[in-house]
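Before any comments, here is the structure.
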Protein chains: 2
Amino acid sequence: MRITKQREVILKILAERRDHPTAFEIYEHAKNLFPEISLSTVYRTLKEMVERGEVIEIRMDGETKARYDINTGNHAHFRCRNCGRIFDIEILFPLKLIGFKVEKVEIYIYGLCDECAKKEVMA
Amino acid sequence: MRITKQREVILKILAERRDHPTAFEIYEHAKNLFPEISLSTVYRTLKEMVERGEVIEIRMDGETKARYDINTGNHAHFRCRNCGRIFDIEILFPLKLIGFKVEKVEIYIYGLCDECAKKEVMA
DNA sequence: ATTTGTGCAAATCCTTTGCAGATAA
DNA sequence: TTATCTGCAAAGGATTTGCACAAAT
């Protein structure tokens, strides 16, 4: 994989943002740093990174568009119904699937984050 | 929601199949039972059922197309890397997200099912 | 009769791809 | 040099929608 300005920019965005942007959001952000970049390059680069296992692709709650996450370890995503933010959450739990070989786990959790839960009780 | 032949057929398919079919697979199956049915009716009906909470939509491992499941309780999906089958799995685990209000959980697990794991050891 | 549902075709949204020119090694 | 990467525009796949007709209440 050659080092190009486009790939540097995409990697930098993924490393700095932890809000799980879509390909289009990454493209919009990248244009500020490198205006000539194209949307297809963003898609191509993300696809390659996913295939290499450097980035994971998530789709919360049946969304048609994918979001990207440079955190490749097994972890859960929590989306707040109120503010829409997506939090990374580490969950340790005992998987006892007798005879099954578990290679990857994706967990999506929906509800209210601590701040919004407080507000709802008050309202 | 009026009772039409189309909706009866779609419900019957969802109730009988537990292999998490896509909209197109439901359409193909439905045509055997009611040839005049259209793909857009299948999509429209599924979307309505999802909005009513009668059916859930899942997208395993970044698949672009949705799959449908009449089992609406919180449960995990296990996809076998080898045979591709998707198993429903009940997992009880303690969620301790302090201050967070959990309303829904989606868990996707990937690996080898018991049968395929045995074969891999032997091979 | 009135409201809701349907099929069809066209539109839309997200993503991928072919190609000819550009760039990193 | 030369293999890989890029932008563009066009194609592709999944899903949604406008509309006039059909069916359910």
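Each chain gets a letter, A, B and so on, in the order the sequences are listed, and its residues count up from 1.
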Can you check the [X] [atom1] to [N] [atom2] distance for me, whole Å?
{"X": "I10(B)", "N": "dG5(C)", "atom1": "CD1", "atom2": "P", "value": "12 Å"}
{"X": "E57(A)", "N": "dT15(C)", "atom1": "CD", "atom2": "C1'", "value": "10 Å"}
{"X": "E48(A)", "N": "dT6(D)", "atom1": "CD", "atom2": "C1'", "value": "12 Å"}
{"X": "L46(A)", "N": "dC5(D)", "atom1": "CG", "atom2": "P", "value": "15 Å"}
{"X": "I58(A)", "N": "dC14(C)", "atom1": "CD1", "atom2": "C1'", "value": "16 Å"}
{"X": "L39(A)", "N": "dA10(D)", "atom1": "CG", "atom2": "C1'", "value": "14 Å"}
{"X": "R59(A)", "N": "dA14(D)", "atom1": "CZ", "atom2": "P", "value": "12 Å"}
{"X": "R52(B)", "N": "dT4(C)", "atom1": "CZ", "atom2": "C1'", "value": "12 Å"}

Seminar exercise, completed: Whether each nucleotide of nucleotides 17-25 of chain D has a protein heavy atom under 4.0 Å at its base (B), only at its sugar-phosphate (S) or at neither (-) is summarised, 5' to 3', as BB----BBS
For this session: Would you check, one step at a time, whether the test side chain to side chain contact (heavy atoms under 4.5 Å, CB included) holds for I37(A) with K5(A)?
Result: CA-CA 9 Å; I37(A) 199 167; K5(A) 184 68 184 166; over 6 Å; no
Problem set entry | Contact under 4.0 Å: Q6(A) side-chain N or O vs dT23(C) OP1/OP2 |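 Q6(A) to dT23(C) OP1/OP2: no side-chain N or O under 4.0 Å.
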Exercise. Does R67(B) reach the main-chain N or O of R59(B) with its side chain, forming a donor-acceptor pair under 3.5 Å?
Worked result: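 Checking the backbone N and O of R59(B) against the side chain of R67(B), no donor-acceptor pair under 3.5 Å is found.
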Exercise. Between E48(B) and R7(B), does at least one N-O distance fall below 4.0 Å, as a salt bridge requires?
Worked result: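 Between R7(B) and E48(B) there is a salt bridge, with a charged N closer than 4.0 Å to a carboxylate O.
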Exercise. For Y68(B) and I56(B), what are the C-alpha separation, side-chain angles and deciding distance, and is it a side chain to side chain contact (heavy atoms under 4.5 Å, CB included)?
Worked result: CA-CA 6 Å; Y68(B) 297 87; I56(B) 61 168; over 6 Å; no
Exercise. Given the rule in the salt bridge (charged side-chain N to carboxylate O under 4.0 Å, His left out) test, do K12(B) and E8(B) qualify, once you have shown the distances and angles that lead to the verdict?
Worked result: CA-CA 6 Å; K12(B) 183 172 157 59; E8(B) 277 175 18; over 6 Å; no
Problem set entry | Validation row: T41(A), R44(A) side chains within 4.5 angstrom (heavy atoms) |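 When only atoms from C-beta onward are counted, R44(A) and T41(A) do touch, with a gap below 4.5 Å.
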Exercise. Would you call L46(B) and I26(B) a side-chain contact if the rule is heavy atoms closer than 4.5 Å?
Worked result: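 Yes. Closest side-chain heavy atoms under 4.5 Å.
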Exercise. Which of these, L14(A), D69(A), L11(A), I10(A), sits in a side-chain contact (heavy atoms from CB on, under 4.5 Å) with V55(A)?
Worked result: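 Of L14(A), D69(A), L11(A), I10(A), side-chain contact (heavy atoms from CB on, under 4.5 Å) with V55(A) is met by L14(A) alone.
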For this session: Nearest-nucleotide wise, let me know which of R7(A) and K65(B) is further upstream toward the 5' end of DNA chain D.
Result: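 Looking at the nearest nucleotide for each, R7(A) comes out on the 5' side.
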Problem set entry | Residues within residues 15-25 of chain B bordering DNA chain D, heavy-atom distance below 4.0 Å |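 Heavy-atom contacts with DNA chain D come from no residue of residues 15-25 of chain B; none.
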For this session: Working to the nearest 0.5 Å, report the span between NE2 of H29(A) and CD1 of I13(A).
Result: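 Those atoms lie 4.5 Å apart.
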Exercise. Parallel under 30°, tilted from 30 to 60°, perpendicular over 60°: which one fits the rings of H75(A) and H77(A)?
Worked result: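 Taking H77(A) first and then H75(A), their aromatic rings stand perpendicular (interplane angle over 60°).
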Problem set entry | Members of residues 27-36 of chain B that approach DNA chain C, where some heavy atom sits under 4.0 Å away |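 Per residue number, the list reads E36(B).
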For this session: Carefully, step by step, assess I70(B) and R17(B) under the rule side chain to side chain contact (heavy atoms under 4.5 Å, CB included).
Result: CA-CA 9 Å; I70(B) 209 172; R17(B) 297 177 59 154; over 6 Å; no
